Amino acid sequence: MKVKVRFFAASREAMGTGEIEQEIPPGSTVEELMTLLANEYPALRPYARLIKVAVNRQYAAPETELREGDEVACLPPVGGG
Amino acid sequence: MKVKVRFFAASREAMGTGEIEQEIPPGSTVEELMTLLANEYPALRPYARLIKVAVNRQYAAPETELREGDEVACLPPVGGG
Amino acid sequence: MKLFEITTEDISVDEVVARLANPAIGAVITFVGVVRGNSEGREVRYLEYEAYPEMAEETLRQIGDEVRTRWKTIREVAIVHRVGRLEVGEISVVIALSAAHRPQVFDAARYAIDRLKEIVPIWKKEVWKGGEEWKSER
Amino acid sequence: MKLFEITTEDISVDEVVARLANPAIGAVITFVGVVRGNSEGREVRYLEYEAYPEMAEETLRQIGDEVRTRWKTIREVAIVHRVGRLEVGEISVVIALSAAHRPQVFDAARYAIDRLKEIVPIWKKEVWKGGEEWKSER
């Protein structure tokens, strides 16, 4: 199945893009997606441990199961204000 | 000797004026001036106990001695903000 | 530009914040007093503020000094208070404090408004339908 | 008028305060973030703010809900954050909280800015002469 993955700030610059479509095995969790991305995109590795993940605009735990079409966002430490 | 006495808010309305010149005995204190004013202007009496006094734009204690030409202000409880 | 002012004109928060402009500041806290439409169940028509302006500006400056003595992180303080007739919804006072960083500015802002209500010679008369009253904190 | 907004335009404090207009309010506290000209000894040329705008507006709204749940005296909250390139001295964020009376609004304002820096998906890149860096609180 496919999910949309969005990247911001340092992770966006590392990826060279703000958005990809990613094919993942049905029933994958957030954690499994992140492991898969780190394997596939070495540039992302320095950020992998810092990134929090949002699924459909909500912060999501690593064990959250993903569904077809979900919008997953990779959020480096925020710095608003 | 003479001092200028200014009235504000409720005390100004009670006096019907914002400012008077008051003749007082040389060496009078703030407290003596206030007693004198309360005797001379009955309208002021309801406010006399609430009023704080400033001399030359500084809060002044009752025992402060007045000098010729001082600007004395009668300040009812303040309500800014 | 005066940092401590009694005015009869409309107050703009942006304009007061601009008085603190300095490349070293990263945060400004403002307290904005607004004329409320009701008080103790009565519908307020308008307020009349009166000041002893010369002394009021001096005591505002004194509050600024007190704040900067107590909170070393506070860079600058500006306080502008309006007097005269104010309608419901209009701004009566703006207190603005600037700092390089945000910690402590909230305590300092609270102190400034508390002191203003305590020592600054400004009085407020509430005017409602059929009556009026001078109001104070105490 | 949106109470929680990510914008690319200049922010006016007066305009944000006006979004809270209501005859029942007597006090508004604002926290105003301003771009500082230096950071850790480096002269900042400008900042670049980036947001995940849809989620950022939702988390701003969440902060507003949290504040009003914790502090019952808070009537309304508005938060406007600017993104894109910001020059030194420009306003990055305005948080405004309104209340009938002033007690507690300072604690509530402090909570709001602390939470904003913690959970809202907005990022800040500092650009100085000869370098740049993404900054975060932690």
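Throughout, protein chains are lettered first and strands after them, A, B, ... in sequence-line order, and every chain is numbered starting at 1. Every value quoted in this text rests on a predicted model; they were computed, and no experiment measured them.
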Can you say whether [X] sits under 4.5 Å from chain A via the side chain, the backbone, both, or neither, judging by heavy atoms?
X	result
D/E126	neither
D/Y49	side chain
D/K135	backbone
D/I119	both
D/A56	neither

[atom1] ([X]) with more than 12 external heavy atoms under 6.0 Å:
X	atom1	answer
A/E68	CD	yes
D/E43	CD	no
A/R45	CZ	yes

State whether the side chain of D/S92 and the backbone N or O of A/G81 hold a donor-acceptor pair below 3.5 Å, judged by distance alone. yes

Is there a donor-acceptor pair under 3.5 Å between the side chain of D/W123 and the backbone N or O of A/P76? yes

Going by heavy atoms in the side chains, are A/F8 and D/P121 under 4.5 Å from each other? no

Side chains of A/E13 and D/K125 in contact at under 4.5 Å (non-hydrogen atoms): yes

Greatest number of non-hydrogen atom pairs under 4.5 angstrom with chain A, of D/Q62, D/H81, D/E48, falls to D/H81

Rounded to the nearest 0.5 Å, how far apart are CD of D/E50 and CZ of A/R12? 4.0 Å

Between the OH atom in D/Y52 and the SG atom in A/C74, the distance rounded to the nearest 0.5 Å is 10.0 Å

Are the charged groups of A/R6 and D/E54 less than 4.0 angstrom apart, N to O? yes

I'd like to know whether A/L75 forms a side-chain contact (heavy atoms from CB on, under 4.5 Å) with D/M55, so could you lay out the CA-CA distance, the side-chain angles of the two residues, the decisive distance to 0.1 Å, and finally the verdict. CA-CA 11 Å; A/L75 312 175; D/M55 181 176 166; 3.9 Å; yes

